[in-house]
Q: 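Structure incoming, see below.
Numbered from 1 within each chain, the chains take letters A, B, ... in sequence-line order.
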2 protein chains.
Amino acid sequence: MSRPGGSAPQRDTPVLTERGGVRKAAILEAALRVIGDKGLAGLSMRAIATEAGLPLGALGYYFKTKDDLILEAFELHTRREADRVLAAFAGVGSGDHADDVAEHLTAFIRHGLTEARTSLVAEYEFLIEATRRPDLARVSRAWRQALQIQVGHVASRLGSDDPETDAEILLSVVAGLEIDHLSTPLDPSTTQAIRTALRRTITRLGLRGDAERP
Amino acid sequence: MSRPGGSAPQRDTPVLTERGGVRKAAILEAALRVIGDKGLAGLSMRAIATEAGLPLGALGYYFKTKDDLILEAFELHTRREADRVLAAFAGVGSGDHADDVAEHLTAFIRHGLTEARTSLVAEYEFLIEATRRPDLARVSRAWRQALQIQVGHVASRLGSDDPETDAEILLSVVAGLEIDHLSTPLDPSTTQAIRTALRRTITRLGLRGDAERP
DNA sequence: GAATGAGTTGTACGTTCGTTCAAGTTCCGG
DNA sequence: CCGGAACTTGAACGAACGTACAACTCATTC
């Protein structure tokens with residue numbers, strides 16, 4: 001509070017007026033793009049600045065260190081992705097058949113492997129890095145837990161007799177399918193294989209909303 | 001062949017006598033360890049040299065570039081891991097029940113998340129990097145294909161009516177469970193959750209060797 | 001219209017990086 | 001025991017890195 005002699009403009013956290021907030025957001029978006037297509041190994045402050053179209057010096061004003069920036073980028077990603085998952089499952093109701101649910105999930109994965117590929121790769125970069133950084137691990141755990149609760153509700157709606165386990169299985173299958181097909185361009189036959197796997201999983205788990213409910 | 005003036009000792013590939021091979025292997029092992037606990041972002045030639053207990057200059061003799069080294073490390077890892085998977089499934093016979101199979105897989109995952117955690121993290125580092133490097137992508141695809149064939153045979157032995165799809169589902173579930181639990185220390189309740197998910201998956205897929213076979 | 005503070009930037013610091021290489025040692029066939 | 005090939009090494013190169021900061025512009029307030 002009272003630091004008389006200091007002329008240091010650097011605060012712990014910038015005040016973030018409207019004007020500044022736009023720039024901060026642009027930096028985080030740029031960072032997510034760079035992480036997605038060059039990896040955390042290829043992530044440099046200079047690369048972010050170039051991607052965002054800003055001078056290098058600008059980054060130091062909004063983020064104390066590179067690690068802070070990475071953490072905030074991950075938080076932004078999870079917030080955004082949670083919304084997307086929520087929206088994807090909002091349409092899945094108790095009137096749907098197993099195949100409808102499978103189709104929803106197939107579209108979800110297909111989107112991640114094509115239009116949103118950069119974002120998906122960034123996501124896994126974060127998840128792996130979370131193995132080594134407690135701050136990222138906290139975000140990762142919270143996000144994963146929120147996801148499992150959401151999917152658990154959906155499973156429940158679809159007549160699961162063990163929603164928690166089914167949520168774990170579904171989340172794992174989706175994550176596994178994503179990872180396993182990240183190194184390959186997504187051709188139609190691959191999409192079909194993903195659809196088949198999802199249909200079988202959902203059918204065998206007995207997830208269909210048209211079942212009788214108590 | 002005939003490069004008269006050149007005194008360059010650097011070949012495309014060193015001849016690798018017994019003497020040299022030991023060192024090369026030590027370098028690759030060191031690289032795998034460093035990738036596992038500092039990530040590809042934290043991987044430097046100096047870090048590898050230190051981990052291997054060798055001078056920095058030694059690395060240049062066996063690997064033309066850092067990227068070459070990473071590729072060979074990945075190849076080594078997939079070779080080793082393929083053997084491990086093969087061994088893990090060698091014990092799964094048509095006499096096993098669904099719970100036996102689940103127990104095998106649970107132990108497999110538990111081992112990866114504890115004793116072999118470094119190796120598992122390195123594996124996912126490679127898989128993500130393969131998104132950006134065609135040479136790594138080739139290795140990744142070949143490995144994944146070999147895995148699927150192996151697991152498909154096992155599924156077949158266990159009475160699957162669609163071994164290929166079941167292999168894809170099983171591999172995805174295992175990969176997903178690994179990733180989802182990498183950021184968390186593996187406590188007993190987590191192990192139990194993994195076991196439950198695997199049991200349910202295998203049971204619902206109808207994978208049990210004691211079923212009648214043609 | 002001066003003062004205050006947020007926002008902005010070019011530059012420069014010290015460090016670490018991948019790679020190269022001349023000079024050396026060790027090994028082994030002839 | 002000699003000659004060449006395999007192997008080893010420490011030092012050095014330019015490039016890229018994260019971070020810090022003095023100097024600057026701009027908007028807002030009194």
Q: Check the distance between C:dT11's C1' and A:M45's CE and give it to me in whole angstrom.
A: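 One finds 16 Å between C1' of C:dT11 and CE of A:M45, rounded.
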Q: Quick check with a 6.0 Å cut-off and a 45 degree axis cone: is A:R133 positioned over the face of A:F126's six-membered ring?
A: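 Here A:R133 fails the 6.0 Å and 45° test against A:F126.
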Q: Take atom CD1 of A:I27 and atom P of C:dG7, then tell me their distance rounded to the nearest Å.
A: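 The answer, rounded to whole Å, is 12 Å.
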Q: Can you tell me the distance, in whole Å, between the CG atom of A:D67 and the C1' atom of D:dT19?
A: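 Those two atoms, CG and C1', are 12 Å apart.
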Q: A:I70 CD1 to D:dT19 P: how many Å, rounded?
A: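 Going from CD1 in A:I70 over to P in D:dT19 covers 9 Å.
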Q: Nearest whole Å is fine: how far is C:dG18 P from B:K66 NZ?
A: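 After rounding, the gap between these two atoms is 4 Å.
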Q: Per the side-chain hydrogen bond (donor to acceptor under 3.5 Å, both in side chains) rule, what does the pair list look like for residues 169-179 of chain A, sequence neighbours excluded?
A: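 Residue pairs with at least one partner in residues 169-179 of chain A: A:Y124-A:E178.
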Q: List the residues meeting salt bridge (charged side-chain N to carboxylate O under 4.0 Å, His left out) with B:R204, not counting sequence neighbours, and say none if there are none.
A: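 For B:R204, the residues satisfying salt bridge (charged side-chain N to carboxylate O under 4.0 Å, His left out) (neighbours in sequence not counted) are A:D161.
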Q: According to side chain to side chain donor-acceptor pair (under 3.5 Å), who are the partners of B:D100, at least two apart in sequence or on a separate chain?
A: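 Expected list: none.
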Q: Once you round it to whole Å, what is the distance between P of D:dG18 and CG of A:L40?
A: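 It is 12 Å, rounded to the nearest whole Å.
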Q: Atom pairs, N/O to N/O, protein against nucleotides 9-16 of chain D, distance under 3.5 Å?
A:
residue : atom : partner : partner atom : Å
D:dT9   : OP2  : B:R23   : NH1          : 2.9
D:dT9   : OP2  : B:R23   : NH2          : 2.6

Q: Quick one: list whatever passes side-chain contact (heavy atoms from CB on, under 4.5 Å) with A:D37, sequence neighbours left out.
A: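 Once residues adjacent in sequence are excluded, the partners of A:D37 under the side-chain contact (heavy atoms from CB on, under 4.5 Å) criterion are A:T118.
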Q: Taking NZ from B:K24 and C1' from D:dT8, how many angstroms apart are they, rounded to a whole number?
A: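 B:K24 atom NZ is separated from D:dT8 atom C1' by 16 Å.
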Q: Heavy atoms under 4.0 Å, any strand shown: does B:L43 hit a base, just sugar-phosphate, or nothing?
A: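 B:L43: backbone/sugar contact only, no base atoms under 4.0 Å.
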Q: For B:S183, check side-chain contact (heavy atoms from CB on, under 4.5 Å) against everything at least two apart and list the hits.
A: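 Scan of B:S183 (side-chain contact (heavy atoms from CB on, under 4.5 Å), adjacent residues dropped) gives A:A130, A:A137, A:S140.
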